There are 2 protein chains.
Amino acid sequence: MAGRRLFQDIADKIAAMIAEGAFPPGSRLPGERELAEKLGVSRVTVREAAIALQARGMVRIKTGSGIYITDRAVETVDDLPAVSAFELTEARALFESEAAALAAPIISDSDLAKLNALLNDMSHDDADAEQATASDREFHMTIAAASGNRAIIHVVNTLWRMRTELSEVREAHASICHHDGMTRQDEHGAIVKALEEHDAKGARLAMRQHFGRLLEAMLDANEQQELIELQRKAAESRERFLMSSRMT
Amino acid sequence: MAGRRLFQDIADKIAAMIAEGAFPPGSRLPGERELAEKLGVSRVTVREAAIALQARGMVRIKTGSGIYITDRAVETVDDLPAVSAFELTEARALFESEAAALAAPIISDSDLAKLNALLNDMSHDDADAEQATASDREFHMTIAAASGNRAIIHVVNTLWRMRTELSEVREAHASICHHDGMTRQDEHGAIVKALEEHDAKGARLAMRQHFGRLLEAMLDANEQQELIELQRKAAESRERFLMSSRMT
DNA sequence: CTGGCCAACTGTTCTGACCAGTTGTCCATT
DNA sequence: AATGGACAACTGGTCAGAACAGTTGGCCAG
């Protein structure tokens, strides 16, 4: 087992079992002791995984009784609307680019130092998916915060919550996350460079390209998986996005 | 008989400490061993609390290094954050312009008809401020909906809620609403015209100018009311926004 | 001054034990 | 036969201590 946190691994495994329908909503999971033995880890680790799943809202722990699958294990989080991974990425491409452009002229040296530190983090612990996601979040939130506009910060934060709290979106990202090992690093670097030069236009462009590439990766993944009918729809969407991107 | 899990109790205590400023954002929490002793619980419990806090995004755990407080730790948990009217308008200028650009190529004839009808409404019942605000809301939401992107729709809706539900923002709008009698009508007309021509770039520009003018009206109102010190700050903000607007 | 090593941190996981709440059963009482 | 309570066999919750692994900073040889 590599550097990745064990309990998160276990949590994902259990989540996968639930998604496969091994345990219907409302039913009880096997006991901690049984799960621990079956998964080859200690009971403590199983419980940490259960806590993580409870935080995601997939599961509810009842002391003395058991761990129960929530009705809305695959459903939407009530606070957030149901959106597809594509819609979310498109929205982030547009909004976060503007946030970066607004931040560029006034970003502080300490924020720039923080971004560089995060850049370094992400190049190191890319083996740990969860940790990399946390770094990614902080990267984007730091840029949003540098805009000094609380409305923008709130929006960017909400969009990120959609990415992590909506199961459909999270799964879509997981399926293509291995794509962007090097390129993501380069893209993040380009964003930071533009911010360092206080170049609003450049920061907007770099951020837009960052999401644009992610969007294309998602569309490609879709095209491989889905029917021709859906392919055409995706192609149209891509064309539309690229058209709206052409802002020179 | 608390029934409540111990680690949640500990998590709340740590969160309270952070909120009180005992640990500034970015700093490191005491080690697990020290915290366990200080709070009178075992290390396992401290760890579970840390996992829960990390799930909330208040904290970030780095293996071998420590537990670090996130910048967002002191942020309000309330539905809507406290934002100024200026921040909100700036955010809307950026985001809704992009929404309009995205909607332009694909907006339907029925949506265009709806916008024209609203345009007509607003020219008539300008005496009734409440009605005019409702029409204004429908105007902007229709454009957002025409983008076909639910994430964007949600964001635009949230921004509008800030405008009406945050008292400070609502009052700020009320004080300058009489400014935009004719001009607003023209601006809305320009937006619809660009949408009718399916001109993404034109729609973005028209929407941006619409909010840009509102922004200038707010800044002017501010300058009349506030001290010289604040004037300078506002002027800087204006310059910054105008700079980021120059996207040709 | 630099490079590498080492020691003193940090979090991570495991083990095995005991505590506490829940639930179903089964028997004594009514 | 019906009811009520005690009990046993679960469940999760917490603990202490140990061993492991990654990070960091200082110290020393080059």
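What you are looking at is a predicted structure, and each value in this text was computed from that prediction instead of being measured. Naming: A, B, ... by sequence-line order, numbering from 1 per chain.
- Without hydrogens or angle criteria, Glu98(A) side chain to Arg204(A) main chain gives no donor-acceptor distance under 3.5 Å.
- Distance from the side chain of Thr63(A) is smallest for dG13(D) among the nucleotides dG13(D), dT14(D), dT12(C).
- For the pair Tyr68(A) OH and dG21(C) C1', the computed distance is 12 Å after rounding to whole Å.
- Remark: P of dG11(C) and CG of Leu29(B) are 9 Å apart, rounded to the nearest angstrom.
- Summarising the geometry, the separation between CD1 on Ile51(A) and P on dT12(C) is reported as 13 Å, rounded to the nearest angstrom.
- Rounded to an integer number of Å, the gap from CZ of Phe7(B) to C1' of dT14(D) is 12 Å.
- Annotation: Phe211(A) is in aromatic contact with His140(A) [ring centroid separation under 6.0 Å].
- Nearest to the side chain of Arg33(A), among dT11(D), dT15(C), dT14(D), sits dT11(D).
- Residue contacts shown for Glu48(B) are limited to sugar-phosphate atoms, with no base heavy atom under 4.0 Å away.
- Closest to the side chain of Arg28(B), from the set dT24(D), dT10(C), dA16(D), is dT10(C).
- The side chain of Thr45(A) places an N or O atom within less than 4.0 Å of a non-bridging phosphate oxygen (OP1 or OP2) of dC14(C).
- Arg47(A) places its CZ atom 7 Å from the C1' atom of dT14(D), with the value rounded to the nearest Å.
- Both Gly64(A) and Val41(A) lie near DNA chain C, and the one whose nearest nucleotide falls closer to the 5' end is Val41(A).
- For Ser65(A), counting side-chain heavy atoms from C-beta on, the closest listed nucleotide (dT13(C), dT22(C), dA19(D)) is dT22(C).
- Glu32(A) comes within 4.0 angstrom of the backbone, heavy atoms only, and of no base.
- In this structure, Leu39(B) places its CG atom 15 Å from C1' of dC15(D), rounding to the nearest Å.
- Of the N and O atoms on the side chains of Glu87(B) and Asn149(A), not one donor lies less than 3.5 Å from an acceptor on the other residue.
- When the C1' atom of dA19(D) is taken as reference, atom CG of Leu6(A) falls 15 Å away, rounded to whole Å.
- Mapping Val44(A) and Lys62(A) onto DNA chain D by nearest heavy atom places Lys62(A) closer to the 5' end of the strand.
- For Ser42(B), taking side-chain heavy atoms from C-beta onward, the closest of the listed nucleotides dC14(C), dG12(D), dA16(D) is dA16(D).
- In the model, Arg60(B) has a side-chain atom that pairs as donor or acceptor with a side-chain atom of Ser135(A) under 3.5 Å.
- Residue Glu34(B) contributes atom CD, which lies 18 Å from atom P of dA8(C) at whole-angstrom precision.
- Enclosure of atom CD in Glu197(A) by more than 12 non-hydrogen atoms of other residues, nucleotides or ligands within 6.0 angstrom is indicated.
- Side chain of Arg43(B), nearest nucleotide from dC15(D), dT23(D), dT12(C): dT12(C).
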